[in-house]
Amino acid sequence: MKFEEEFSLFVVSSYFCNKRKAVMEQTDFDGIVFADTLQDFNALRYARQTVHILCCCGNMGFTFQDTRYNIAVGDYVILPNAELGSGFSASDNFRGILMSLSEAFVASIAIRSNYGIIGHLSLLQNPVMKLSARDFRICEAALLYLRMRMEEKEHLFREELLGSLLTAHILDLYDIHARSRDTSQLSEHIASQLRKFIELLYNGEYMRNRDLDFYASRLCITPHYLSEICRKVSGRPATYWIDRFTIQEITRLLRQKELPLTTIAERMNFSSVSYFSRYVQKRIGMPPSEYRNNLTSKQFKF
């Protein structure tokens, strides 16, 4: 059986498990939401959410920024923004732990580590972490325990408790990710500048401004310095990230075949359709009309 659904925008409450069968229950806390199946997972993919998926059995596939990924047992997926994922499908025997985290709740944890921005940029390039047997056991145990403690609705410090448990799990993920990449810590200044840069992109500034000088000016640094700190952390210059967010949105709009190219070009603040076409051609190797015509037969990696 395969399951695919388009992005759905609405707020859900909490999901709990009863002998492998997902049952939805409402709660007054929606900072953390769990699901067991892709049907339930569809309800988790709403705006501004970070989604975690630990594959425990079977396999699952999804498209992330026009690249297709297939995960198996022992893989841990983190989608920093659930809007970037689509085309989810699973094998009949798929079993996993699927968790969605609200942006507000994650922000409230305020982890004192600048590694988060390193991991964030890395996960935007590849959202899948391959876990060792030991790391898989640690992550599975942490998620199951977190889920169990969520059911203690009468706990007087429930939200603080869950925040602490989630913090511990995130720090384990930082450790796993950092060990696999041997990446050094960032200074507070660099982390702050990169965080602000990525926030500008997430807020849609790329739809109006794609010039490196604009972003450097907003951050009160030079274009060269912005590119250098991006390259230091991700191996890519700042223009790569501006283009990546731009192409990601353009390809999303091109999938809406009822939208004329002129409308897309205007929405993305291009001065003309011809300029828009040249921009797309240069970055994905084909004009937007050809990309649109080939959507059903190919997957493209940017």
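Note that the coordinates shown come from a computational prediction; the quantities given were computed from them, not determined experimentally.
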Electrostatic pair [X]-[Y], nearest N-O below 4.0 angstrom:
| X | Y | value |
| --- | --- | --- |
| Arg267 | Glu249 | no |
| Arg149 | Glu152 | yes |
| Asp243 | Arg210 | no |

Legend entry - Test side chain to side chain contact (heavy atoms under 4.5 Å, CB included) applied to Arg252 and Gln248, step by step: CA-CA 6 Å; Arg252 186 187 72 81; Gln248 160 195 306; over 6 Å; no

Nearest 0.5 Å, what's the [atom1]-[atom2] distance between [X] and [Y]?
| X | Y | atom1 | atom2 | answer |
| --- | --- | --- | --- | --- |
| Leu212 | Leu226 | CG | CG | 5.5 Å |
| Met99 | Ile32 | CE | CD1 | 6.5 Å |
| Ile198 | Lys196 | CD1 | NZ | 14.0 Å |
| Arg158 | Met150 | CZ | CE | 5.5 Å |
| Phe62 | Thr67 | CZ | OG1 | 10.0 Å |
| Leu143 | Phe34 | CG | CZ | 5.5 Å |

Inset, instruction - Give the C-alpha distance, both sets of side-chain angles, the deciding distance and a yes or no for side chain to side chain contact (heavy atoms under 4.5 Å, CB included) between Phe94 and Cys55. - result: CA-CA 8 Å; Phe94 171 75; Cys55 184; 4.0 Å; yes

Minimum heavy-atom distance [X]-[Y], with the two atoms named:
| X | Y | value |
| --- | --- | --- |
| Ala238 | Ser227 | N-OG, 3.6 Å |
| Pro287 | Gln281 | CD-OE1, 2.9 Å |
| Arg68 | Ser89 | NH2-OG, 3.0 Å |

Inset, instruction - Begin with the C-alpha distance, continue with both residues' side-chain angles, and end with the deciding distance and a verdict on side chain to side chain contact (heavy atoms under 4.5 Å, CB included) for Tyr69 and Asp75. - result: CA-CA 11 Å; Tyr69 294 90; Asp75 289 343; over 6 Å; no

Are any side-chain N or O atoms of [X] and backbone N or O atoms of [Y], one a donor and one an acceptor, separated by less than 3.5 Å?
| X | Y | result |
| --- | --- | --- |
| Tyr215 | Asn209 | yes |
| Asn269 | Arg208 | yes |
| Arg292 | Gln256 | yes |

Tell me if the [atom1] atom of [X] is crowded by more than 12 foreign heavy atoms within 6.0 Å.
| X | atom1 | answer |
| --- | --- | --- |
| His224 | NE2 | no |
| Tyr275 | OH | no |
| Glu258 | CD | yes |

Inset, instruction - Mind telling me whether His52 and His169 have parallel, tilted or perpendicular rings, with 30° and 60° as the class edges? - result: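 Plane angle between 30° and 60°, so tilted.
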
Legend entry - Heavy-atom side-chain contact between Ile176 and Cys139 under 4.5 Å: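 Side chain of Ile176 against side chain of Cys139, heavy atoms only: contact under 4.5 Å found.
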
Please check if [X] and [Y] belong to a single hydrophobic cluster, counting links between Ile, Leu, Val, Met, Phe, Trp and Tyr side chain heavy atoms closer than 4.5 Å.
| X | Y | value |
| --- | --- | --- |
| Ile138 | Val128 | no |
| Leu261 | Leu253 | yes |
| Ile242 | Met268 | yes |

Inset, instruction - Could you tell me if the ring centre of Phe136 sits under 6.0 Å from that of Tyr76? - result: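 Ring centres of Tyr76 and Phe136 not closer than 6.0 Å.
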
Inset, instruction - Evaluate side chain to side chain contact (heavy atoms under 4.5 Å, CB included) for Leu98 paired with Val51, printing each intermediate quantity in order. - result: CA-CA 7 Å; Leu98 303 98; Val51 168; 5.8 Å; no

Inset, instruction - Test salt bridge (Lys or Arg N to Asp or Glu O under 4.0 Å) on Arg137 and Glu140 and set out the steps. - result: CA-CA 5 Å; Arg137 290 193 298 271; Glu140 183 181 39; over 6 Å; no

